[in-house]
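Each remark here refers to the structure printed beneath this line.
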There are 2 protein chains.
Amino acid sequence: MTPNLDSQITERLALDGLRFTRGRREVVEALLASDGPMSANELSDVLGDGVPLSSIYRSLAILTDAHILTVHLATKGLARYELSEWLVGHHHHLVCTECGSVEDIHVSASHEERLREVVDAVASVASFIPSSHALEIDGRCAQCQ
Amino acid sequence: MTPNLDSQITERLALDGLRFTRGRREVVEALLASDGPMSANELSDVLGDGVPLSSIYRSLAILTDAHILTVHLATKGLARYELSEWLVGHHHHLVCTECGSVEDIHVSASHEERLREVVDAVASVASFIPSSHALEIDGRCAQCQ
DNA sequence: CCTATAATGATAATGGTTATCGTTATTGAA
DNA sequence: TTCAATAACGATAACCATTATCATTATAGG
Ligand SMILES: [Mn+2]
Ligand SMILES: [Mn+2]
Ligand SMILES: [Zn+2]
Ligand SMILES: [Zn+2]
């Protein structure tokens with residue numbers, strides 16, 4: 001983890017009187033190393049017995065409350081988490097309908113600009129004030145073809 | 001329910017040797033009357049005691065398996081269902097982060113064309129074969145401002 | 001009418017997630 | 001360096017949306 005990211009998270013937690021402890025750090029580092037959002041169980045597999053599942057769940061809840069993590073819902077009955085966009089940048093997701101994998105995808109500035117135009121136009125018609133958007137693409141990933 | 005829609009669903013179910021029974025019809029009609037996807041409990045509130053919750057759950061599973069309904073996941077731990085796009089047309093969703101409501105939103109053909117361009121460009125880079133896409137806009141709905 | 005199969009409804013079981021509670025660690029003040 | 005006050009932890013129980021079970025009922029074809 002870069003010193004800058006570390007201090008961003010440490011300072012954000014401190015705003016709520018919370019500490020960036022080893023368990024929380026391990027969760028963040030596993031997510032940072034992943035190419036897509038991870039569930040509590042997937043994190044548990046990676047982190048092993050050093051971090052009990054109950055602590056993983058609590059860390060995910062606390063880090064999400066502090067806006068350090070964002071929850072992603074693509075599989076029913078299962079929540080996956082990732083670093084929030086203010087920490088790792090705006091991106092979208094490719095969701096494989098075959099194997100269930102979720103892959104991060106970055107969109108070029110010009111394409112992102114087009115997306116934002118559509119979002120603004122659509123939202124204004126409905127008197128809706130958009131705070132964020134997500135383009136989710138379902139289909140078959142490279143492995144599942 | 002229009003006779004055309006009714007026969008489309010009836011014929012689709014018949015392909016799997018299934019019938020379009022009263023309980024399933026009531027679920028479909030409630031979803032048709034809604035301006036957004038509904039959960040099993042929300043359907044139960046609307047349908048009352050005439051359709052037991054266990055039957056609602058089973059109808060949702062069967063209709064989804066038959067591609068008549070599509071599941072929508074925006075609230076964690078809660079699945080909402082809507083008529084599939086081949087029956088009611090392609091559209092997107094406005095998700096209110098305040099009250100949790102999900103509202104259908106239709107996008108103009110020109111905007112939809114732009115979306116498709118972005119989807120195709122992004123997917124091809126990742127060797128991903130897109131089957132569908134969804135633009136989900138989070139923010140505050142008209143009621144929550 | 002009869003039989004095979006689909007559908008139903010009440011209920012039990014499942015599983016991801018959350019709450020509880022006693023223990024331990026950390027912080028900051030005395 | 002004590003000594004509270006509070007945060008964090010870990011094991012476990014509880015919760016709740018969803019799914020499976022199973023006995024009963026309805027329906028379609030022969
Ligand atoms: Mn992501
Ligand atoms: Mn919809
Ligand atoms: Zn795949
Ligand atoms: Zn709202």
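What's counted below: heavy atoms across the whole structure, side chains too, no hydrogens, waters or symmetry copies. Labels below follow one simple rule: chain letters A, B, ... track the order of the sequence lines, proteins then strands, and each chain is numbered from 1.
Spacing between atom CD1 of A/I56 and atom P of C/dT17 amounts to 12 Å, rounded to whole angstrom units. For the pair A/D65 CG and C/dT17 P, the computed distance is 15 Å after rounding to whole Å. Protein atom CG of A/L73 is 15 Å distant from nucleotide atom P of D/dA17, rounded to whole Å. Here the P atom of nucleotide C/dA6 and the CG atom of B/L63 are 16 Å apart, to the nearest Å. Rounding to whole angstrom units, CD of residue B/E42 and P of D/dT18 are separated by 10 Å. Counting to the nearest Å, the P atom of C/dT17 and the OH atom of A/Y57 are 4 Å from each other. For A/N41 and C/dT17, the CG to P distance is 8 Å, given to the nearest whole Å. Atom CG in B/L43 sits roughly 14 Å away from atom C1' in D/dT18 (whole-Å rounding).
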Can you tabulate the close N/O pairs, meaning under 3.5 Å, that link protein atoms to atoms of nucleotides 3-10 of chain D?
residue : atom : partner : partner atom : Å
D/dA8   : OP1  : A/R19   : N            : 2.7
D/dA8   : OP1  : A/R24   : NH1          : 2.5
D/dA8   : OP2  : A/R24   : NH2          : 3.4
D/dA8   : O5'  : A/R24   : NH2          : 3.3
D/dC9   : OP1  : A/T21   : OG1          : 2.8
D/dG10  : OP2  : A/S55   : OG           : 2.8
D/dG10  : N7   : A/R58   : NH2          : 2.6
D/dG10  : O6   : A/R58   : NH1          : 3.0

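Comment: B/E29 does not engage B/R25 in a salt bridge, judged by the lack of any side-chain N to carboxylate O separation of less than 4.0 angstrom.
Within the nucleic acid shown, A/A79 comes within 4.0 Å of sugar-phosphate atoms alone, with no base atom in reach, counting heavy atoms only.
Looking only at atom types and distance, the side chain of A/D104 has a donor-acceptor partner in the side chain of A/H93 under 3.5 Å away. Checked by atom type, the side-chain pair A/H92/A/E103 shows no donor-acceptor distance below 3.5 Å. A/E112 and A/H90 share a side-chain donor-acceptor pair at under 3.5 Å.
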From CA spacing to verdict: side-chain contact (heavy atoms from CB on, under 4.5 Å), B/V107, B/L135 | CA-CA 10 Å; B/V107 170; B/L135 178 64; 5.7 Å; no
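A sub-4.0 Å separation between OP1 or OP2 of C/dG15 and a side-chain N or O of A/K76 is absent.
Shown here for B/C99 and B/C96, the closest heavy-atom pair between the two residues is N-SG, 3.4 Å.
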